[in-house]
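Worksheet for the structure shown next.
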Amino acid sequence: MPATRVTVALNAKQSQKAPLLVPASASPDPSSAASIQSLVFKAAQSKLRLKKPSRIYVGGTGEELITEADWKSTIRRDVTLLVSAGEEYVGVKKESVTPGEANPECAVHVLAEKAHVDELSVTQLATAAHTLPGIIHAVGQPDLHPGNKFPIGAVFVSRKWVHPPLIGGDIGCGMAWYKTTLSRNQVDGDKGKRIAEKLRGLEGPWRTQADREAWLQDAAGSCSAGEEWDQAVGTIGAGNHFAEIQVVEESCTSIDGVGPHKDDVILLVHSGSRGYGGSILKKYTTESHISFEEDSEQMKAYMEEHDKACRWAKANRDLIALRFLSCLEPGEEAWDLGRNIPNSVNLDSAISGVRAKMLQRKVVDIWHNNVERVKWPPCPPTGSTSGAAKKTSTGLIEGGESFQDYVYVHRKGAAPTYNASTNLPLDILPLPGSRGTPTLMLKPVFSAETCWGLKNALSLAHGAGRSMSRAKALSSLSRKYRDRNLLEPSGAEDGTWVVCDEKDLVFEEAPDAYKDVHAVGEDLVREGVAEVVGWCKARVSYKVRHERR
DNA sequence: ATGTGC
């Protein structure tokens, strides 16, 4: 059981102190029966012999702990809590440890009605919005669910400040969709099993470091992170990451004939920056230093590495897709580069050839863990169907209105509604259910009712969202499905073949551990931020395979 | 989510 070690001391005589372990089960809510506050009071009574403890201050700052939010933002390792019998704080009050201005009035909205939202995640959303400096708008998408400290399925818009922990360690994580040349009848029914069998050689490092560095060369230069992290490029990773072969069941995306059409077989890749992004978060932040002021050297350095990790993650998804395509379309020589066999041709020209080919296959690629500098408030895009859109001539979300200024949009498990490099609205993006359940095809909606994307902070849900913690899913679902093989379609239905050699993941990522993707989609539609333009059936879902290398 | 953290 994780516990936090704090020090309890007498406010009136601060040399008198005692350590206290606060179990993770203790509640920050002072009105709760198992509150941290009551633990501190009890410790003061029994260990420090303070008869009537009544107030608690934070050592060093003198901030009094009153609300649940106070407790939440304070309880960390080695904090000293000063217990008072009613008297004022003894010492010089300092400014809060977080410099800059928090915005206790910050607007917080959760775009969910149908999808169930855990109260803890709403508390996490509001606490972060109200206590971190510079936040001007916080949005919980319908897939909102609790994270370790900050929620997932959340968007935080800030002025002048960047908060790396709000986007987490998997910087650049996102999803990309690729068309394949497979036909529905090659993957439907029991054929899914044969397709799953073909998916091999996808684990472990791809080729040599020299090859990986060549792959990590993009239009902006190199995004190589050094051999220790680059080794993981082209690998899916753990947790909720996956690659899935899907059949388009319905599609009404007739935009320039692009978007996937009915009966197309497409590949969805969900992965991020593996260990690299986490190393960046760790390098720049500590438990008490999580906020960076705009234009500070640290902020600039973080942003530079953040942007590099985003490019790395994107290159990772492309390489994963290449490796999958080499299994799925063995006749296509260009994909041979995806295999771990020695180069038979010039590497650089092979890579540029493959890139061009893959670009034709790519439907969309988005980051859902990142921070972006954008103009705010949003402007109507010209692609919009409303007449109001005619006013802008730029065609961009950002526009060039004089009343706009720049903000930072932090996304943690939230997809953007526009293409980050062109600022044009996206035509289509995936809303995957959990393993094997349908993936909805979303089209972002921009309208006056949503203030052109302000309401949803220019973002949409990135998936179904957990409804059960990993621990809960593991214990309850492993019992529930004790006698069932979750890796094969159940019964006669056209279900999904799952490749997952990690036993715990089978349960942690089971559909039951997630919200219903249709409820999430319905919420987005009701809120007026997206329309559902089709859906895909998962045929083969690849998580991880333990194979002899 | 992670070449994780005691």
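Naming convention: chains lettered A, B, ... in sequence-line order (proteins, then strands); numbering from 1 in each chain.
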Without decimals, in angstroms, what is the distance between [X] [atom1] and [N] [atom2]?
X: E287(A); N: dG5(B); atom1: CD; atom2: P; answer: 12 Å
X: D504(A); N: dT4(B); atom1: CG; atom2: P; answer: 18 Å
X: E508(A); N: dT2(B); atom1: CD; atom2: P; answer: 13 Å
X: W312(A); N: dT2(B); atom1: CH2; atom2: C1'; answer: 12 Å
X: L281(A); N: dT2(B); atom1: CG; atom2: C1'; answer: 11 Å
X: L21(A); N: dC6(B); atom1: CG; atom2: P; answer: 15 Å
X: I280(A); N: dT4(B); atom1: CD1; atom2: P; answer: 16 Å
X: E203(A); N: dG3(B); atom1: CD; atom2: P; answer: 13 Å

*Measure the shortest side-chain to side-chain distance between R545(A) and L199(A) over non-hydrogen atoms and say whether it is less than 4.5 angstrom.*
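Yes, at least one pair of side-chain atoms sits under 4.5 Å.
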*Are K282(A) and dG3(B) close enough that a side-chain N or O sits under 4.0 Å from OP1 or OP2?*
no
_Sugar-phosphate, base or nothing in reach of G237(A), heavy atoms under 4.0 Å_ = sugar-phosphate
*What is the nucleic acid contact for G275(A), judged by heavy atoms within less than 4.0 Å: base, sugar-phosphate only, or nothing?*
sugar-phosphate
*Do the rings of F292(A) and H289(A) sit parallel, tilted or perpendicular, given the 30° and 60° boundaries?*
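Answer is tilted, since the angle falls between 30° and 60°.
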_So that I can tick it off, tell me whether R212(A) and E227(A) are bridged by a salt bridge, with the cut-off set at under 4.0 angstrom between side-chain N and carboxylate O._
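Counted as a salt bridge, because a side-chain N and a carboxylate O are separated by less than 4.0 Å.
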*Pick out which of N369(A), I280(A), N370(A) makes a side-chain contact (heavy atoms from CB on, under 4.5 Å) with I171(A).*
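Of the listed options, the one satisfying the test is I280(A).
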